[in-house]
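Single-structure report; data block below.
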There are 2 protein chains.
Amino acid sequence: MSHETVPAHAPLDLERFLPYRLSILSNTVSQSIAADYQDRFELSMTEWRVMTILARFPEISAREVVDRSRMDKVAVSRAVARLVDAGRVDRGIHGSDKRRSVLKLSDAGWAIHDEVAPRARQHERDVLEKLDEEERVWLDRILDKLMG
Amino acid sequence: MSHETVPAHAPLDLERFLPYRLSILSNTVSQSIAADYQDRFELSMTEWRVMTILARFPEISAREVVDRSRMDKVAVSRAVARLVDAGRVDRGIHGSDKRRSVLKLSDAGWAIHDEVAPRARQHERDVLEKLDEEERVWLDRILDKLMG
DNA sequence: TGCAATTGGTTACAGATGAAACTATAAGGT
DNA sequence: ACCTTATAGTTTCATCTGTAACCAATTGCA
């Protein structure tokens, strides 16, 4: 029998590693929703997110979309450009500050929003249905604390 | 006063929408860990994940890495190629099936693993510290149910 | 007023990603 | 043995993404 000279490696158990589990879960859920509207409307996830922000806060600037969504500035710029291009968002210019855009959903944009939003909500319900009411309350509270 | 002809839009509240919250949380957590090793070792997240799998299951094929990690086949192929290139993983060929690779961490690979793994675990603890013990138990249980 | 620093937004580039096509080997059925 | 099908892994291509550089309008202040 020999002395232990090699340090014992301590491999991570990826399956139980929180960041990994979150990443898998998040991707699975987001992908299943995105799959639903990407083909039907040629709408990327970023574009959809911008649309939901504009649905809730009409007439805001791209900057405000960034602030409200934690999305990347460049990503928002590109998404808005495509949405304007597709006639789904109307872009105006702020009266007193010519740098600022003023964005809102067009009628076509609203039509898509009104079709996609309920389906997205349904997906969320499908996921949450795996939990009982007590677990849903805890999850909500835990996410708030983790993201605080 | 007029009849209500326009249907009431029902915008999603992105801030409270589960898939969105998961996505933000997951990105925040994973990014903060990845930032730690990406610069110091020029190691991508995919490569690091492959390394953790090989640490736990030495002498497996790329296929088994895919199965155990839910990662994309192509992503694994590329990550392994880079790791082999960098001398962090040794690639052999399976005796009775020449298609199959046999992968394991090299000494250099283990050295990196042994430095990164504890730091990754520390990051996980940092995140979980925002919760009390009861919440941690619930979170674990909830993730299991959602991912079941 | 004039000029440096800031801010809103876009562009350019470099790296990451995923679907599909491809190569090579193996397995299965006749 | 022969031929079809399946599997391991790589390559290709088109798209996405993030960082940094950039432009134009605005603000702050000497």
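The sequence lines fix the lettering, A, B, ..., with proteins before strands; numbering per chain opens at 1. Because the structure is a prediction, the values reported are computed rather than measured.
Spacing between atom CD of Glu47(B) and atom P of dT17(C) amounts to 10 Å, rounded to whole angstrom units. Here dT15(D) presents its P atom at 19 Å from CE of Met45(A), a figure rounded to the nearest Å. In this structure, CD of Gln31(B) is placed 12 Å from P of dA16(C), rounded to the nearest angstrom. Arg70(A) has its CZ atom 19 Å from the P atom of dT17(D), to the nearest Å. Between Arg100(B) atom CZ and dT10(D) atom P there is a gap of 14 Å when expressed in whole angstrom units. Between the C1' atom of dA16(C) and the CE atom of Met71(B) lies a distance of 15 Å, rounded to the nearest Å. Distance NE2 (His94(A)) to C1' (dT27(D)): 14 Å, rounded to an integer number of Å. Taking atom CG of residue Leu43(B) and atom C1' of nucleotide dA16(C), one finds them 15 Å apart after rounding to whole Å.
Between Thr46(A) and dT17(D) there is a side-chain N or O to OP1 or OP2 distance below 4.0 Å. Note on Ser77(B): a side-chain N or O is less than 4.0 Å away from OP1 or OP2 of dT10(D).
At a threshold of 4.0 Å, the pair Arg40(A)-Glu115(A) counts as salt-bridged, since one of the basic side-chain nitrogens sits closer than that to a carboxylate oxygen. Salt bridge status for Glu133(A) with Arg136(A): present, with a side-chain N to carboxylate O gap under 4.0 Å.
Across all strands, Ser44(B) comes closer than 4.0 Å to no nucleic acid atom at all (heavy-atom distances). Residue contacts for Asp72(A): at a heavy-atom cut-off of 4.0 Å it reaches a base atom on one of the strands shown. Residue-level contact check: Arg91(A) touches the backbone only, with heavy atoms under 4.0 Å from sugar-phosphate atoms and none from bases.
Checking dT12(D), dA26(C), dT11(C) against every side-chain atom of Asp97(B), the shortest atom distance belongs to dA26(C). Out of dG9(D), dG8(C), dT17(C), the shortest distance to the side chain of Lys73(A) is found at dG8(C). You'll find that the side chain of Arg99(A) is closest to dA25(D), out of dT25(C), dA16(C), dA25(D).
Between Gly95(A) and Ala62(B), the residue anchored closer to the 5' end of DNA chain D is Ala62(B), taking for each the nucleotide with the nearest heavy atom.
Contact check for Leu43(B) versus Met51(B): side-chain heavy atoms found under the 4.5 Å cut-off. Within the 4.5 Å cutoff, the side chain of His9(B) has heavy atoms near those of the Asp114(A) side chain.
Remark: Glu129(B) pairs with no residue by the salt bridge (Lys or Arg N to Asp or Glu O under 4.0 Å) rule, at least two apart or across chains.
For residues 19-28 of chain A, the set of pairs meeting the salt bridge (charged side-chain N to carboxylate O under 4.0 Å, His left out) definition, not counting sequence neighbours, comprises Arg21(A)-Asp140(B), Arg21(A)-Asp144(B).
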Let's go through Ser23(B) and Arg49(A) carefully: what are the C-alpha distance in whole Å and the side-chain angles of both, what is the deciding distance for side chain to side chain donor-acceptor pair (under 3.5 Å) to 0.1 Å, and is it a yes or a no? CA-CA 12 Å; Ser23(B) 152; Arg49(A) 285 188 181 168; 3.2 Å; yes
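The side-chain contact (heavy atoms from CB on, under 4.5 Å) test with Val50(A) singles out one residue from Ile53(A), Leu54(A), Thr52(A), and that residue is Leu54(A).
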Kindly express the pairing pattern of DNA chain D in dot-bracket notation, using | wherever a base pairs with another strand and counting only Watson-Crick or G-U pairs under 3.5 Å. ||||||||||||||||||||||||||||||
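Side-chain atoms of Arg78(B) stay outside donor-acceptor range of the base of dG9(D), with no qualifying N/O pair under 3.5 Å.
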